[in-house]
Amino acid sequence: MRNDDADEPMRATGDSGTPEPSRAAAPVDTAPAGTADAAEHPADDGADRLRLYGYLTAPERRTYLAIMRLFTSTLMADLGAGEVAAALAGAERRGEIDTGESRLEVVVDRLEQLARWGNLVPGRREPAATIAEFTRSRVRYQAAKLAVRVQRDAEDVLDVAEGAREVSRELLPAIERGLADIERTLGELDDAEQGRGPQAASARGLRERLAQQVTTLFLQHEEFAAAVRDFYAYLGSVIARYDLAPEETAGFKHMLLEYVELIAQDVLRHSEPVVLRLGALNRRRDELLRRLETGPGGDLAVRPARSGQTELMERAPGRRAADWQQLTGWFVGRPGRPSEVDALREATSRAITALFANVKRVTGAGGVDPGRRRDLLRLAGWFDSASPEAAHDLYAAAFGLFSSRHLALAADDDSPDPSRTWPQGRRIDVEVNVRSRSERAPGGPAPRISDDPLGRAALLEEEEHRRGRRSAAVGELAAAREDLAGARLSSDALEVLCELLTLAGATRDGPADQGSASDSVTGLTVVLEPRPQGRVARIGSELGALELHGVDVRLHVEDPLVPGAEEAR
């Protein structure tokens with residue numbers, strides 16, 4: 001039967017006829033990445049697939065990782081919120097997830113979020129005996145195919161060692177033998193089909209052997225290529241370091257001169273016969289692919305169905321022409337695109353050159369010892385084991401710096417804080433020439449001073465404008481010097497007056513002393529004369545009235561040094 005008011009189809013279950021949903025309606029954005037809907041929008045740039053990685057960086061990533069491990073630990077896992085909550089309870093007791101993450105309502109939220117990212121696919125609802133139980137039932141989930149691959153890659157990254165990955169050198173001769181076996185089997189299959197027909201038992205056995213050899217060949221090459229990439233990625237991140245200790249340099253020297261050289265020699269030795277056999281197989285590529293598509297009975301095997309633009313089944317390696325092109329491109333270069341064998345030879349050469357540079361730097365006899373790493377590590381160990389008082393003495397002895405007293409006001413820029421000790425201060429980047437050679441002079445030639453006519457003209461215009469405004473302000477003060485209380489000074493004039501008032505006040509030692517300050521450029525002088533208590537000097541402006549208690553303000557204007565100041569007065 002069908003519920004016309006519901007959003008999902010219903011079917012009867014059991015003897016009671018209780019309706020049960022055949023499939024939970026998934027939100028639009030919870031469709032698993034890689035489906036036909038995603039393939040119909042190629043301009044999305046894989047945004048739906050990249051959302052599959054969202055749970056790895058979310059704040060609740062420990063809970064998400066535990067949930068995804070439940071779904072990927074078994075094949076075709078079909079779990080509901082109650083089963084996931086029960087499994088997370090043990091992880092919460094062991095401290096693997098935060099407290100409260102195993103509550104049922106929290107688990108429901110986490111499962112729904114994973115479904116929105118596309119990692120989980122909503123499935124059927126949990127069985128219910130009554131309508132009331134059905135309304136309270138929850139959706140069961142399964143892991144999406146790409147989500148399983150993301151989780152598997154994440155587990156590999158978490159478990160991989162930090163050191164270099166060993167390269168299985170025995171895979172290269174195995175790849176060469178595999179290509180020879182494929183070529184031999186392909187010839188035997190031609191003879192068997194021409195003699196006894198494609199339906200013969202010998203032909204079926206040869207086709208099965210050919211498929212096994214092709215699959216084994218591509219798996220071996222994929223493992224070897226991945227190991228080489230990982231090894232050289234680690235080597236490139238370490239060999240260029242400038243702070244290698246002598247023992248570290250000795251270890252990398254052994255790795256390069258022996259292990260890396262062996263890898264490069266093996267690749268060069270086996271690449272030539274591999275290229276020859278690949279050339280022979282590429283000339284029969286169409287025939288080879290047709291043989292791989294032929295089933296055991298002699299007919300063409302069923303191709304994977306397609307939904308829209310997406311294959312519903314991922315092909316095994318070696319069944320497409322693109323797979324053989326990639327395999328050939330690894331050993332044979334093309335114009336504008338060198339092969340991986342050439343790239344490996346160049347990477348080995350760069351690594352050995354970098355090693356020799358480090359060895360020359362460490363063992364060089366001239367100049368100051370460039371390696372300060374050991375000394376700094378020994379000094380850091382002394383600091384770690386010293387008491388606070390001994391640490392201050394050690395710091396003074398090592399660096400020749402002593403405690404200081406900051407009596408002036410702290411500037412607005414990044415100045416030292418008197419209340420903060422040096423271990424708590426900000427880290428300062430030390431340049432390479434200072435760290436390695438104890439030289440403060442910058443390396444290389446002195447930079448040329450560039451001439452910017454437009455910038456110079458703009459600065460001159462800006463300075464001329466500033467002088468004009470200041471001259472106008474001085475002229476305004478000169479005009480209002482007889483009646484400052486009734487004047488309405490502009491903001492520029494009030495700023496100039498306050499500046500001179502501050503300087504004049506700083507020259508007074510006490511309330512009964514007189515103070516003065518002059519601006520020799522504009523010729524303006526401000527004099528503060530003491531007056532009895534209760535006397536208030538009032539200065540009017542557009543911003544309000546300025547009152548000075550106990551003093552009287554007098555202004556004098558002399559000949560200015562700036563030519564435009566006299567006209568402004």
Side-chain angles (χ1 to χ4, degrees), residues 57 157 160-164 232-257 260 350-450 452 459 502-503 506:
T57 56
V157 171
V160 71
E162 292 290 341
Y232 275 87
Y234 169 79
L235 191 62
S237 64
V238 174
I239 198 62
R241 284 173 45 192
Y242 201 75
D243 57 344
L244 290 177
E247 54 272 12
E248 292 178 317
T249 304
F252 291 124
K253 179 180 66 176
H254 172 75
M255 179 187 300
L256 280 176
L257 298 183
V260 177
R350 289 196 303 269
I352 294 177
T353 302
L355 172 69
F356 287 158
N358 279 333
V359 171
K360 181 179 178 180
R361 175 183 57 82
V362 172
T363 60
V368 184
D369 183 11
R372 302 290 184 182
R373 187 172 184 273
R374 287 183 300 173
D375 300 335
L376 293 176
L377 288 177
R378 185 182 300 109
L379 182 62
W382 292 346
F383 276 116
D384 185 61
S385 59
S387 61
E389 295 78 7
H392 287 290
D393 296 339
L394 182 62
Y395 180 77
F399 301 102
L401 300 177
F402 300 88
S403 59
S404 59
R405 300 296 182 190
H406 302 274
L407 301 179
L409 294 177
D412 295 335
D413 56 356
D414 189 12
S415 58
D417 186 3
S419 61
R420 179 176 298 179
T421 59
W422 65 269
Q424 301 172 350
R426 183 177 60 86
R427 293 180 178 271
I428 299 177
D429 296 333
V430 182
E431 298 180 357
V432 176
N433 55 347
V434 177
R435 184 172 65 249
S436 60
R437 299 185 298 274
S438 301
E439 296 179 359
R440 298 183 179 273
R448 296 180 57 187
I449 300 177
S450 59
D452 186 7
L459 292 176
T502 303
L503 297 176

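Note that the structure is a prediction, hence the values are computed from the model and not measured. Each residue takes its place number in the sequence, starting with 1.
The aromatic rings of F383 and Y395 sit tilted relative to each other, their planes meeting at an angle between 30° and 60°.
Scanning all heavy atoms of the two residues, the minimum distance from A391 to A386 falls at N-CB, 4.1 Å.
Atom CG of residue L394 and atom CZ of residue F399 lie 8.0 Å apart, to the nearest 0.5 angstrom.
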